[in-house]
Each structure stands twice: as structure tokens, then as C-alpha cells.
Engineer: 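Would you mind keeping the following structure in view while I ask a few things?
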Amino acid sequence: MKQALYIQNSLSGKKEEFKPIHKGFVGMYACGPTVYNYVHLGNCRTFVSFDLVYRYLLHLGYKVRYVRNITDVGHLENDADEGEDKIAKKAKLEQLEPMEIVQKYTLDFHDVLRKFNTLPPSIEPTATGHIIEQIEMIRKIIDNGYAYEINGSVYFDVNKYNESFPYGELSGRKVEELIAGTRDLDGQEEKRSPLDFALWKNASPEHIMKWASPWGIGFPGWHLECSAMSTKYLGEQFDIHGGGMDLKFPHHECEIAQGCSANGKSPVNYWMHGNMLTLNGRKMSKSAGNVVLPNELFSGENLELDKAYHPMVVRFFMMQAHYSSTLDFTSEALNAAEKGFDRLMEAFKTLQSLPAALTSTENTETLIAGFYEAMNDDFNSPVLVARLFEAVKYINSINDKKAGISEKDKESLIGAMKAFIFDVMGLQFKEDQDNSKLNGVMDLVIDLRQDARANKDFATSDKIRDYLSQIGITIKDSKDGASWS
RNA sequence: GGUCUCGUGGCCGAGAGGCUUAGGCACCGGUCUGCAAAACCGGUUACAGCGGUUCGAAUCCGCUCGAGACCUCCA
């Protein structure tokens with residue numbers, strides 16, 4: 001099946017047909033987290049968004065190399081010399097070795113993303129593991145004349161660069177305007193222009209994380225690691241680079257500048273930016289302090305919420321919005337997502353036990369084509385979800401004997417729904433698949449309850465139903481017997 | 001202050017010149033049920049405001065109001 005996939009490219013501002021550099025292969029990079037704190041739900045949204053992209057590319061048959069970094073060198077909190085390394089700061093605070101901080105929050109990150117059922121990237125490189133590559137890249141940039149060394153630090157020369165390349169093309173900024181908007185910060189004397197950014201910073205004696213370099217003891221600048229690692233694993237030019245909107249400027253802009261200045265060509269063909277998750281209408285952000293932690297959500301132990309939500313409900317909630325739109329987080333919206341998710345998953349189960357008819361009353365091919373159409377249009381998962389609910393309606397109608405489906409169509413619909421719900425959207429059933437003992441027990445309970453009902457002993461049957469309901473099991477009676485979920 | 005984005009029904013959220021009643025949730029009525037739940041059928045609520053372009057605008061343009069993002073670390 002040949003599918004034309006369109007991607008909204010932040011670089012051109014247009015929706016473009018996706019054409020990989022090497023036919024059948026995709027190189028994709030996404031900016032990972034700085035592991036100095038627990039990942040919050042907003043962080044997760046971006047990773048789930050690019051997981052969707054990754055999964056759909058895989059589904060289309062591409063061989064994808066997906067690289068997502070771990071930033072384990074603390075970026076400076078600001079551009080001034082007094083700025084403190086975030087990880088080092090946290091290390092002092094928690095009285096831990098910086099690498100203990102890194103390890104602690106990396107484990108948390110992996111744990112949370114596993115709960116969200118995101119696929120692990122093909123390569124997950126760390127910044128500290130690529131100091132040599134970063135130094136090499138700096139050397140290249142200096143050799144090409146786009147960076148200068150001063151007092152053991154190396155800065156990128158934005159004005160020089162701007163003479164040959166359009167600095168600001170990604171974020172739609174102009175150097176003159178940027179300079180006009182510059183604020184005076186301390187410790188900027190070393191730089192030729194306030195727009196210049198550090199490639200390498202000289203480390204003061206008390207600085208904890210530092211390495212030897214041709215320019216002395218120091219540590220790499222903010223934006224360099226992504227350039228160094230993407231170049232190493234994906235080449236000087238690759239297909240897709242993703243990240244949150246908030247990284248567009250300056251981070252991604254600097255990546256382009258570093259790539260162009262080191263290798264003479266723009267590193268990325270398709271830039272994709274995921275939008276923010278908002279809480280009370282504001283961007284969820286660590287520094288702003290309005291954050292929901294995934295584990296609080298899963299356990300229900302958060303002041304804002306009155307109940308727990310399954311990770312898959314949260315993932316489905318994210319799928320109901322387009323990755324490029326802001327998504328507002330409220331318990332009301334989550335409750336709605338929970339019901340919708342349950343309905344979708346129940347219908348999928350129902351589909352498999354549906355009796356086949358001679359002919360179908362709906363065109364399943366059109367239905368399935370609609371799934372692809374949605375995803376081909378810049379990974380439009382909310383439209384995909386809407387189309388899946390069309391299938392849900394059809395399935396339930398068949399179940400109510402108001403519609404029919406042929407054996408052949410049933411098989412293809414099962415295949416397509418399975419692919420889009422599980423493989424592409426990355427959803428899973430809430431319950432463990434391995435609950436054979438519980439199934440046995442429930443068979444007995446339902447049997448006893450049916451006996452009670454047959455004897456019109458509704459006190460007993462209702463007692464069973466109410467008790468089960470309290471522990472989260474719903475009994476559904478129908479003509480063909482009861483089921484539970 | 002500069003740059004940019006957005007404002008859709010009770011809530012979340014697609015759509016982007018006519019032809020989607022998008023979809024989910026909520027709500028109302030009906031079918032089914034011992035009663036519920038689920039499911040099905042039907043229904044209600046909409047494109048921030050004001051102008052303009054057009055045969056036709058939620059969709060394009062202008063202005064007004066409102067919200068947000070980036071310009072400093074952030075997904």
C-alpha cells in the first residue's frame with residue numbers, strides 16, 4: 001500500500017509531502033529531557049507525540065532510526081558566567097553526586113515512558129558520552145571561521161554566520177530585531193555580540209562537571225550535544241527533527257547554525273514541533289511550578305484531581321488532540337477521555353466475536369482508508385480517533401443485529417483497527433492480559449448471579465453487582481448473558 | 001516592548017471558502033432491561049466582536065477585544 005504522507009514543516013511553514021533522503025529509510029531525532037528532575041506530563045506529551053510519528057512511520061514500512069538524547073550535562077540557568085549548572089545545583093541540593101542525579105531521573109524518565117507505552121528509541125545517546133564528538137564539532141566550526149575562543153570559552157559568532165546563512169529562518173527572527181530586544185545580562189563581556197552562544201564554557205574550579213578540551217577545562221554549551229549526536233548517528237543531513245515548541249528558539253535555531261557552519265549544509269529536512277500541554281490555561285512548566293507528575297496522575301495522589309487515571313487513558317487523551325495544538329489538561333477532559341477510551345476498547349473486543357454475515361452493510365474499505373487519510377495528513381490522530389469511532393458505531397450496530405459484516409470485511413477491519421489502535425496510537429488494554437484466574441472466578445460469580453436473577457432474588461444479584469462496581473468491575477447484562485469489564 | 005500563535009456548542013477537540021449534523025464526553029427523549037449499566041435510535045447547544053472580499057466565510061483580509069507562547073533554562 002502506497003501512502004503519501006504529509007508533514008507540517010516548521011522550517012517552511014508548509015505542509016509538505018514526506019520524501020526521505022534514502023528511499024525506505026528514515027532518520028529521526030527528537031530532543032530528550034534534561035534529567036535533573038522528574039518528567040512532568042507536559043514533557044511526556046512531546047515524547048508521546050513523537051512516539052506516534054515513529055510508530056506510524058514504522059507502520060508504513062519505513063526502517064526508522066530514531067535517536068532521542070538524554071541531556072545529562074546541566075545547561076546553565078542563564079547565559080551569564082554566574083549561571084549555575086542545573087544538575088550540579090540539584091546535586092548540591094540533594095547532596096548527591098551529579099551522576100546520581102542523572103541516574104535517578106533517567107530511571108524515572110524510562111519508567112514513566114514505559115507506562116505510557118512509548119517505544120524505546122533506536123539509540124538514546126547521552127551528552128556526557130559524546131564530549132569528544134562535541135569537541136570535534138567545535139573545532140570544525142572554529143576552522144570554518146564561525147566561532148572564536150576567548151578565556152578558555154568558545155562562542156558561536158552569530159553575526160559572522162548571518163553573512164552566509166539565514167540565522168533565524170526556523171523561528172522567523174531577524175538578527176537586527178533580536179539585537180534590539182536584547183536585555184543586558186551580567187557576564188556577557190566575553191561575547192562579541194549578545195546573540196552569540198556558547199559552544200564551550202570555561203569551568204571555574206568549583207564547577208563539578210567538567211572535561212579537558214583544547215581550550216582548557218570546561219564543559220559543552222547548551223545546543224551542541226544535539227548537533228554532535230544527530231550528526232554522529234544520522235549523518236550531516238537527516239529527515240526529521242522533532243521537539244517541543246519551546247525549543248524552537250534558540251535551541252533548534254542554534255542546531256541549524258551549528259550544522260551549517262560545521263558541515264556547510266542545513267542538517268534537517270523536516271522540522272516538527274509539538275505544542276504545549278497547558279494546565280489552567282498556562283504552559284505546564286517546571287520553572288513556573290505548575291506541573292502534574294505522571295505518577296501522581298496514575299495513583300490519584302494529586303491535589304488537583306479526585307481520582308486516578310490509567311496511563312492509557314492519558315495517552316488516549318493526548319491522541320484526541322493534534323500534536324501541534326495546545327492541549328488543556330482538566331479532570332473533566334480526562335474523565336471524558338476515559339469513557340471514550342473504554343468504549344473504543346470494548347468495541348474492539350466485541351468486533352472479534354461478531355458473527356459474520358453474507359454481506360456487509362458498511363463499506364469497510366472506505367472506513368479503513370479513512371484511518372490512513374487521517375494519519376497521512378500530518379499525523380492527525382484526533383481525526384483518526386473520530387474515524388475509529390465510526391467503526392465503533394458500526395461494530396455495536398452489528399452487535400445489536402442492526403447491521404452486518406462479511407467474514408472477509410471483518411478480518412480486514414480487525415487487522416486495521418488492531419494496527420491503528422495498538423501499533424500506531426500505541427494504546428493497550430488497561431487490564432493485564434494474563435488474568436485467567438480472575439476470568440475463572442468471574443465466570444463463577446456471574447453464573448451465581450444469573451441463578452439469583454432466575455429465581456428473582458434481585459437482592460442477591462444487586463448485591464453482587466454493587467459490590468463489583470465498588471471495586472471497579474462493571475456487569476453488563478444482555479440477552480446472550482452477562483459480561484464484565 | 002519585539003516576533004508569533006490561537007479564540008469553535010456545557011467541557012475537550014477536529015475542520016479551513018459552499019457539500020463533515022467531525023468525533024468524544026455531558027444533557028434530554030426513546031428502544032432494551034426486574035432495575036441498572038452497556039448498546040442502539042433520535043434530539044439540543046457553535047464557529048470572540050465589528051467591518052470587508054465573494055454568488056457564498058467558522059474558513060480569506062482589516063480592525064477591536066481576549067488568551068497564550070517565544071525573545072532567559074524548559075518538551
Side-chain angles (χ1 to χ4, degrees), chain A residues 30-34 36-37 39-50 71 74-80 83-86 168 171-174 177-178 180-183 185 195 222 242-251 273-278 281-288 316-317 320-322 324-344 346-347 350 374 377 380-390 392-393 395-403 453 456-458 461-462 465-466 469 474-479 482-483 485:
Chain A
C31 290
T34 303
Y36 72 104
N37 214 330
V39 273
H40 65 249
L41 204 62
N43 301 130
C44 293
R45 185 189 180 200
T46 298
F47 302 126
V48 168
S49 293
F50 290 107
T71 297
H75 292 160
L76 292 183
E77 296 206 308
N78 60 49
D79 209 6
E84 214 174 347
D85 176 319
K86 273 188 192 170
S171 53
R173 286 164 213 247
K174 295 192 169 65
E177 289 168 359
L178 283 167
T182 306
R183 276 176 282 173
L185 289 171
L195 300 187
W222 317 335
M245 286 280 266
D246 49 357
L247 296 184
K248 203 170 181 180
F249 187 90
H251 187 62
H273 288 95
N275 217 321
M276 300 295 104
L277 184 72
T278 58
R282 296 277 160 119
K283 173 187 175 185
M284 194 176 281
S285 143
K286 284 175 209 169
S287 50
F316 179 74
F317 166 68
Q320 279 189 301
H322 192 252
S324 67
S325 302
T326 55
L327 171 61
D328 197 48
F329 179 89
T330 60
S331 55
E332 205 179 352
L334 268 186
N335 285 334
E338 183 168 51
K339 297 236 171 123
F341 173 76
D342 288 344
R343 202 156 93 87
L344 175 64
E346 278 306 306
T350 303
D377 184 15
N380 198 328
S381 59
V383 169
L384 170 62
V385 170
R387 302 270 160 88
L388 284 166
F389 274 106
E390 285 173 19
V392 168
K393 205 165 195 176
I395 290 165
N396 287 329
S397 291
I398 301 165
N399 198 223
D400 273 16
K401 298 172 177 60
K402 287 172 180 157
R453 294 180 72 209
K456 299 219 185 291
D457 179 8
F458 296 124
S461 69
D462 286 353
R465 187 175 64 198
D466 293 344
S469 165
T474 311
I475 294 280
K476 285 177 282 190
D477 294 323
S478 76
K479 287 201 181 78
S483 61
S485 62

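So that the names make sense, note that chain A is the first sequence line, chain B the second, and so on, each numbered from 1.
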Engineer: Pairing check on B:C27: which nucleotide meets the Watson-Crick or G-U wobble criteria with it, both distances under 3.5 Å?
Structural biologist: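 Because both required distances fall under 3.5 Å, B:C27 counts as paired with B:G43.
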
Engineer: Classify the side chain of A:R343 versus the base of B:A39 as yes if they form a donor-acceptor pair under 3.5 Å and no if they do not.
Structural biologist: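 Side chain to base: no pair present.
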
Engineer: Assign A:A386 to base, sugar-phosphate, or nothing according to its heavy-atom contacts below 4.0 angstrom with the strands shown.
Structural biologist: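 Base contact - A:A386 has a heavy atom under 4.0 Å of at least one base atom.
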
Engineer: Expressed as a whole number of angstroms, how long is the span from A:F316:CZ to B:G24:P?
Structural biologist: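 Those two atoms, CZ and P, are 10 Å apart.
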
Engineer: Distance criterion of 3.5 Å, no angle test: do you see the side chain of A:D477 paired donor-to-acceptor with the base of B:A38?
Structural biologist: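 Donor-acceptor pair under 3.5 Å: no.
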
Engineer: For A:N380, report the nucleic acid contact type (base, sugar-phosphate, nothing); a contact means any heavy atom under 4.0 Å.
Structural biologist: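 If one applies the 4.0 Å heavy-atom cut-off, A:N380 turns out to touch the sugar-phosphate alone, with no base involved.
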
Engineer: Grab the NZ-P distance between A:K248 and B:U3 for me, whole Å please.
Structural biologist: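 For the pair A:K248 NZ and B:U3 P, the rounded distance is 16 Å.
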
Engineer: If you measure from CD on A:E338 to CG on A:N335, what distance do you get to the nearest 0.5 Å?
Structural biologist: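 Atom-to-atom, A:E338:CD and A:N335:CG are 6.0 Å apart.
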
Engineer: Which one is paired to B:C70, where only Watson-Crick or G-U wobble pairs with both distances under 3.5 angstrom count?
Structural biologist: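 Looking at the geometry, B:C70 pairs with B:G2.
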
Engineer: Under 3.5 Å for both donor-acceptor distances, Watson-Crick or wobble: does B:G62 have a partner, and if so which one?
Structural biologist: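 Paired with B:C50.
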
Engineer: Would you state whether a donor and an acceptor, one from the side chain of A:K402 and one from the base of B:C41, lie under 3.5 Å apart?
Structural biologist: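 Answer no: no donor N or O sits under 3.5 Å from an acceptor.
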
Engineer: May I ask you to say what A:G242 touches in the nucleic acid, namely base, sugar-phosphate or nothing, with a heavy-atom cut-off under 4.0 Å?
Structural biologist: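 Nothing: the residue A:G242, judged by heavy atoms under 4.0 Å, touches no strand.
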
Engineer: In whole Å, what separates the P atom of B:U45 from that of B:G23?
Structural biologist: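 Result for the P pair: 15 Å, nearest Å.
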
Engineer: What is the nucleic acid contact for A:S461, judged by heavy atoms within less than 4.0 Å: base, sugar-phosphate only, or nothing?
Structural biologist: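 Base contact - A:S461 has a heavy atom under 4.0 Å of at least one base atom.
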
Engineer: Report yes or no: does A:D377 contribute a side-chain atom to a donor-acceptor pair with the main-chain N or O of A:N380 at less than 3.5 Å?
Structural biologist: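 Between the backbone of A:N380 and the side chain of A:D377 there is no qualifying donor-acceptor contact (under 3.5 Å).
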
Engineer: Under the criterion of centre distance below 5.5 Å and interplanar angle below 30°, is A:F458 classified as stacked on the base of B:G34?
Structural biologist: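 Given the distance and angle limits, yes, they stack.
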
Engineer: Which is more 5' along RNA chain B, the nucleotide nearest A:M284 or the one nearest A:F341? Just name the residue.
Structural biologist: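 The residue mapped nearer the 5' terminus is A:F341.
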
Engineer: Could you tell me the separation between the CG atom of A:N399 and the C1' atom of B:C41, rounded to a whole number of Å?
Structural biologist: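 Value for this atom pair: 16 Å.
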
Engineer: Do the charged groups of A:D342 and A:K339 touch, with an N to O distance under 4.0 Å?
Structural biologist: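 No.
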
Engineer: For B:G17, give the paired nucleotide (Watson-Crick: N1-N3 plus N6-O4 or O6-N4; G-U: N1-O2 and O6-N3; both under 3.5 Å), or none.
Structural biologist: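 B:G17 is paired with nothing.
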
Engineer: Once you apply a heavy-atom cut-off of 4.0 Å, does A:R173 come out as touching a base, just sugar-phosphate, or nothing?
Structural biologist: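 Base: the residue A:R173, judged by heavy atoms under 4.0 Å, touches a nucleobase.
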
Engineer: If the cut-off is 4.0 Å, is A:K339 near the phosphate of B:A38, judged by side-chain N/O to OP1 or OP2?
Structural biologist: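 Negative; the distance criterion is not met.
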
Engineer: In the strands shown, is B:A57 matched to any nucleotide by a Watson-Crick or G-U wobble pair with both distances under 3.5 Å, and which?
Structural biologist: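 When the pairing criteria are applied, nothing turns out to pair with B:A57, so the answer is none.
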
Engineer: How long is the gap from CZ on A:F249 to CG on A:L178, to the nearest 0.5 Å?
Structural biologist: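 Nearest 0.5 Å value for the CZ-CG distance: 4.5 Å.
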
Engineer: Looking only at side-chain atoms of A:A321, point me to the closest of B:C35, B:G13, B:C41.
Structural biologist: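 Nearest to the side chain of A:A321 among the choices is B:G13.
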
Engineer: What contact category does A:S171 fall into here, base, sugar-phosphate, or nothing, at under 4.0 angstrom with non-hydrogen atoms?
Structural biologist: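 Contact class for A:S171: none.
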
Engineer: I want to confirm an ordering. Mapping A:D462 and A:A337 to their closest nucleotides on RNA chain B, which one lands closer to the 5' end?
Structural biologist: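 Whichever sits nearer the 5' end wins; that is A:A337.
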
Engineer: I need the CZ-P distance between A:R453 and B:U33, as an integer number of Å.
Structural biologist: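 Checked: the CZ to P distance equals 11 Å.
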
Engineer: Contact class for A:K456 vs. all strands (heavy atom < 4.0 Å): base, sugar-phosphate, or nothing?
Structural biologist: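 Result for A:K456 = nothing.
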
Engineer: What distance separates A:E346 CD from A:I395 CD1, expressed to the nearest 0.5 Å?
Structural biologist: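 If we round to the nearest 0.5 Å, A:E346:CD and A:I395:CD1 are 11.5 Å apart.
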
Engineer: Specify the separation, in whole Å, of atom CG of A:D328 and atom P of B:G7.
Structural biologist: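 After rounding, the gap between these two atoms is 14 Å.
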
Engineer: Is there a Watson-Crick or G-U wobble partner for B:G34 with both distances under 3.5 Å, and which nucleotide is it?
Structural biologist: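 Across all strands, not a single nucleotide pairs with B:G34.
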
Engineer: What nucleic acid atoms does A:L327 come within less than 4.0 Å of, heavy atoms only: base, sugar-phosphate, or nothing?
Structural biologist: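 Counting heavy atoms under 4.0 Å across all strands, the contact made by A:L327 is with sugar-phosphate only.
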
Engineer: Expressed as a whole number of angstroms, how long is the span from A:I475:CD1 to B:A39:C1'?
Structural biologist: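 Checked: the CD1 to C1' distance equals 16 Å.
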
Engineer: Counting the atoms with a prime plus P, OP1 and OP2 as sugar-phosphate, which does A:T474 contact under 4.0 Å by heavy atoms, base, sugar-phosphate, or nothing?
Structural biologist: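 Sugar-phosphate contact only.
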
Engineer: Which part of the nucleic acid does A:G274 contact within heavy-atom distance under 4.0 Å: base, sugar-phosphate only, or nothing?
Structural biologist: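 Contact class for A:G274: none.
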
Engineer: Rounding to an integer number of angstrom, what distance separates B:A48 and B:A22 when you compare their P atoms?
Structural biologist: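 Per the computed distance, 15 Å lies between those P atoms.
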
Engineer: Are A:K401 and B:C40 close enough that a side-chain N or O sits under 4.0 Å from OP1 or OP2?
Structural biologist: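 Answer is no, no contact under 4.0 Å.
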
Engineer: Expressed in angstrom and rounded to an integer, what is the separation of A:N396 atom CG from B:A39 atom P?
Structural biologist: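 That distance rounds to 6 Å.
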
Engineer: Tell me the interatomic distance from A:H322, atom NE2, to B:A22, atom C1', rounded to whole angstroms.
Structural biologist: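 So the NE2-C1' distance, A:H322 to B:A22, works out to 15 Å.
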
Engineer: Quick one: does any side-chain atom of A:T326 pair with a main-chain N or O of A:L277 as donor and acceptor, under 3.5 Å?
Structural biologist: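 Looks like no, no N/O pair under 3.5 Å.
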
Engineer: Of the nucleotides B:A37, B:C35, B:C71, which one has an atom closest to the side chain of A:K476?
Structural biologist: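 Closest of the options to the side chain of A:K476: B:A37.
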
